[in-house]
Amino acid sequence: IFGAIFINIDSVIMGNLGKITEVGWYNVAKNVVGFAVIPSTLITMSFYPALSKMFKESKEKFKSAWSYYAESMIMLATPITVGGFFLSSQIIGAMYGPNFAPSIPALQILIFSAGIGIFYAPYLTVLIVANQQKRYLWVNIVAAIINIVLNLVLIPIYGLYGAAIATVITYLAILFGSLIYFKKITSFPFLSPKLLYVMAITVISSLIMAIAISQLLMYNF
């Protein structure tokens, strides 16, 4: 319920403020972001049974599997964020046409929520695997409250872009809460040397990709 609140309350608030057209533009950007996170959702679904089993049977196996899961999420989060940001105009133009140009800046903001959401998935999943549903609930309650307050403040000023900013900040709050509880449940570091290495390689490769995309866009390719 609380997850549904912070995912949908922005559109509800915009609608009640009479920003009906902006709701359409905003939901276009949200749809693209939703499509972008499908691979991470499928990976999470595939890892969950194994993590649940290993958490009870072997901490070492659990740590190894979780690390592999976290690496996969890092390798997804960075290029999706960078690619979505630089190609937002082409994505919106190809899928919805020029009438939805106001959706482009919204997508450029919201795509960061996709990256953050993919990144925190391994940490948040541990709460369920470790039978810590109450803590999982509190993370979502706090996220919902933060999101409602931010939307009430930012939407009247910035419209759909305020809603996008509120979403990104909310996802950062979920990340922060996930890391706090993750540390209480496990003895793992947030980022092991191997995860830091994977992150560094992924960031470098994504920057190279960004440069390549920028050069191609200069020639309208």
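Values in this document were obtained by computation on a predicted structure and should not be read as measured data. Note that the numbering runs from 1 along the sequence shown for the chain.
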Nearest 0.5 Å, what's the [atom1]-[atom2] distance between [X] and [Y]?
| X | Y | atom1 | atom2 | result |
| --- | --- | --- | --- | --- |
| F176 | I146 | CZ | CD1 | 10.0 Å |
| L87 | I111 | CG | CD1 | 10.0 Å |
| N151 | L17 | CG | CG | 10.0 Å |
| L127 | L137 | CG | CG | 11.0 Å |
| F85 | S206 | CZ | OG | 14.0 Å |
| L207 | T78 | CG | OG1 | 9.0 Å |

Mind checking whether [X] and [Y] sit in one hydrophobic cluster, side chains of I, L, V, M, F, W, Y counted as touching below 4.5 Å?
| X | Y | answer |
| --- | --- | --- |
| F35 | L76 | no |
| I201 | I211 | no |
| I213 | V203 | yes |
| V12 | V33 | yes |
| M45 | V37 | no |

Using atom types as modelled and distance alone, determine if a side-chain donor or acceptor of [X] lies under 3.5 Å from a backbone N or O of [Y].
| X | Y | value |
| --- | --- | --- |
| K30 | I7 | yes |
| E22 | L160 | yes |
| Y123 | F190 | yes |
| K184 | I180 | no |
| S58 | M54 | no |
| S64 | E60 | no |
| W66 | L51 | no |
| S103 | W25 | yes |
| S52 | Y48 | no |
| S192 | F188 | no |

* Assign the ring pair Y171 / F6 to parallel, tilted or perpendicular, where the plane angle (0 to 90°) is split at 30° and 60°. => perpendicular

Inspect the surroundings of [atom1] in [X] and state if more than 12 heavy atoms from other residues, nucleotides or ligands are less than 6.0 Å away.
| X | atom1 | result |
| --- | --- | --- |
| L42 | CG | yes |
| Y68 | OH | no |
| K183 | NZ | yes |
| Q133 | CD | yes |

State, to 0.1 Å, how close [X] and [Y] come at their nearest heavy-atom pair, and which atoms those are.
| X | Y | result |
| --- | --- | --- |
| S214 | F86 | OG-CE2, 3.6 Å |
| S40 | I118 | OG-CG1, 3.5 Å |
| I155 | K19 | O-CE, 3.7 Å |
| A36 | I80 | O-CD1, 3.4 Å |
| T202 | S205 | O-OG, 2.9 Å |
| I104 | S88 | CG2-OG, 3.5 Å |

* To do: Show your working on side-chain contact (heavy atoms from CB on, under 4.5 Å) between F47 and M73 and close with a plain yes or no.
  => CA-CA 11 Å; F47 267 96; M73 293 295 100; over 6 Å; no

What I'd like to find out is whether the side chain of [X] reaches to under 4.5 Å of the side chain of [Y], using heavy atoms alone.
| X | Y | answer |
| --- | --- | --- |
| I165 | L150 | no |
| Y120 | L179 | no |
| L110 | S113 | yes |
| I141 | W138 | yes |

* Asked: With a cut-off of under 6.0 Å to the ring centre and 45° to the axis, is K134 in cation-pi contact with Y136?
  -> no

* Test side-chain contact (heavy atoms from CB on, under 4.5 Å) on Y96 and I91 and set out the steps. => CA-CA 8 Å; Y96 298 97; I91 293 170; over 6 Å; no

* **Flag for Y181-T186: side-chain donor and acceptor within less than 3.5 Å** => no

* Asked: How far apart are the C-alpha atoms of Y161 and L154, what are their side-chain angles, what is the distance that settles it, and do they pass the side-chain contact (heavy atoms from CB on, under 4.5 Å) test?
  -> CA-CA 8 Å; Y161 308 121; L154 295 175; over 6 Å; no

* Asked: Would R135 and I185 satisfy side-chain contact (heavy atoms from CB on, under 4.5 Å), going step by step from the backbone distance to the final call?
  -> CA-CA 11 Å; R135 289 176 170 177; I185 295 171; 3.6 Å; yes

